[in-house]
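First up is the structure itself, then whatever we jot down about it.
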Amino acid sequence: MSSEFQGTLRRLKPDKDRAQLRPRAESELEFIGTTDQRPAKLLYDTTVYIDILQGRFPQQGEATLRATEAWHSPVTEAELAATCGLLDPAHSQTPAIIEQVAAVINRRPSYRTITPDPEIWREAGVLSGTLARTQGYGTEQRRRVLNDALLFATARKYGCAVLSRNVRDFDFLQQLDPSGKVISIKQALSRPCGFSKPRQIRTCHSHLPPKSFFGLTTECQARSTLNGREGKGCSDT
């Protein structure tokens, strides 16, 4: 067993978690727009992009998005890309939706994107495996929670907070590893614009969100963040 893997096991201690986890009360969680915590950097979960496209991102959270650095992951890009493959090719609105998704992906600057490294993959594997065991997850749920764990481990390593509407899974991940930060989004009321399911799509006629939502500052600023702190990406100051 490699020393790196032994270090991951020593830190996470998967053997200590044997009982099924229970969702915590909302009062114990941090929600965007209401929390006193103001993270400097947010790593977006796929639900954030979907809510922005649908025009249902909570208004009280928009100021936080503009005031924080937005960071992205290839994990969420893959999930967004999968949506394009799931859409019915015969549906009249499919091309427009694919164009919208592509525009969102193209607005994510590469210098604000963090690719999971072997350490992150190891941690995500242990975390997702632990959840699969304690929660009795099936194959499909295991795949989903592995992606969530990749985002969670990425954010923890680089000093970001995960921003997600997936309250339950990230609550469980944070219970397993309290050193990770999560800011949750309460389910907002749907607005007329956007898409929710591949076969229930309506194109959005409003403009795309401001570039600041995607972290489109200058590349120089982002590289300063990445390289100026011992190569640790969006780590805390």
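Because only heavy atoms are used, hydrogens play no part in the values below, and waters and symmetry mates are left out as well, while side chains stay in. By convention here, the first residue in the shown sequence is residue 1.
Not a single donor-acceptor pair under 3.5 Å links the side chain of R133 to the backbone N or O of S128. Not a single donor-acceptor pair under 3.5 Å links the side chain of E79 to the backbone N or O of T46. D171 places no side-chain N or O within 3.5 Å of a backbone atom of V167 that could act as its donor or acceptor partner. Side-chain atoms of R142 do not come within 3.5 Å of backbone N or O of G129 as any donor-acceptor pair. Of the possible polar contacts, one joining the T47 side chain to the R165 backbone as a donor-acceptor pair under 3.5 Å is found. Side chain of K13 to backbone of R10: a donor-acceptor contact under 3.5 angstrom is found. Judged purely by atom type and a 3.5 angstrom limit, T76 has no side-chain atom pairing as donor or acceptor with the backbone of H72. Judged by distance alone, with hydrogens and angles left aside, the side-chain atoms of Q135 form a donor-acceptor pair with the main-chain N or O of L21 at under 3.5 Å. Put simply, the side chain of T34 gets close to the backbone of F31: a donor and an acceptor are under 3.5 Å apart. The backbone N or O of D169 sits nowhere less than 3.5 Å from a side-chain atom of D148 that would complete a donor-acceptor pair.
By the neighbour-count criterion of 12 heavy atoms within 6.0 Å, atom CD of E28 is densely surrounded, having more than that number from other residues, nucleotides or ligands. In the displayed structure, R11 atom CZ is contacted under 6.0 Å by more than 12 heavy atoms of other residues, nucleotides or ligands. Under a cut-off of 6.0 angstrom, the local environment of CD in E99 is sparse, with at most 12 non-hydrogen atoms contributed by other residues, nucleotides or ligands.
Residue I183 comes nearest to P39 through the heavy atom pair CG1-CG, 4.1 Å, listed as atom of the first residue, atom of the second, then distance. Of all heavy-atom pairs between G180 and F152, the closest is CA-CZ, 3.6 Å. The shortest heavy-atom contact between L150 and I120 is O-CG2, 3.8 Å. The shortest non-hydrogen separation linking T64 to G33 is OG1-N, 4.4 Å. For the pair R56 and D51, the tightest heavy-atom approach, listed with the atom from each and the gap, is NE-OD1, 2.7 Å. Of all non-hydrogen atoms in P23 and R168, the two that sit nearest each other are CG-NH1, 3.4 Å.
Contact check for I32 versus S184: no side-chain heavy atoms found under the 4.5 Å cut-off. Put simply, the side chain of D177 reaches to within 4.5 Å of the side chain of R156, judged on heavy atoms. Annotation: side chain of I52 is in contact with side chain of V48 (closest heavy-atom distance under 4.5 Å). Side-chain contact between L43 and L163 is absent, with no heavy-atom pair separated by less than 4.5 Å. With a 4.5 Å cut-off on side-chain heavy atoms, F57 and L65 count as touching. Within the 4.5 Å cutoff, the side chain of R24 has heavy atoms near those of the Q174 side chain. Contact of the E26 side chain with the K186 side chain is registered, since non-hydrogen atoms from C-beta on lie closer than 4.5 Å.
Within the cation-pi definition used here (under 6.0 Å to the ring centroid, within 45° of the axis), R144 qualifies as a partner of Y137.
Using a 3.5 Å distance cut-off with no hydrogens or angles, the side chains of R108 and Y44 do not pair a donor with an acceptor. For the residue pair N166/S164, the side-chain donor-acceptor check at 3.5 Å is not satisfied. Judged by distance alone, the side chains of E123 and W121 never bring a donor and an acceptor atom under 3.5 Å apart.
No option in L151, T113, T115 other than L151 meets the side-chain contact (heavy atoms from CB on, under 4.5 Å) test with S73.
Taken together through direct or relayed side-chain contacts under 4.5 Å among Ile, Leu, Val, Met, Phe, Trp and Tyr, L29 and F170 form parts of separate hydrophobic clusters.
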Given R122 and E4, is the salt bridge (Lys or Arg N to Asp or Glu O under 4.0 Å) satisfied, shown in steps? CA-CA 9 Å; R122 283 193 300 269; E4 292 86 356; 5.6 Å; no
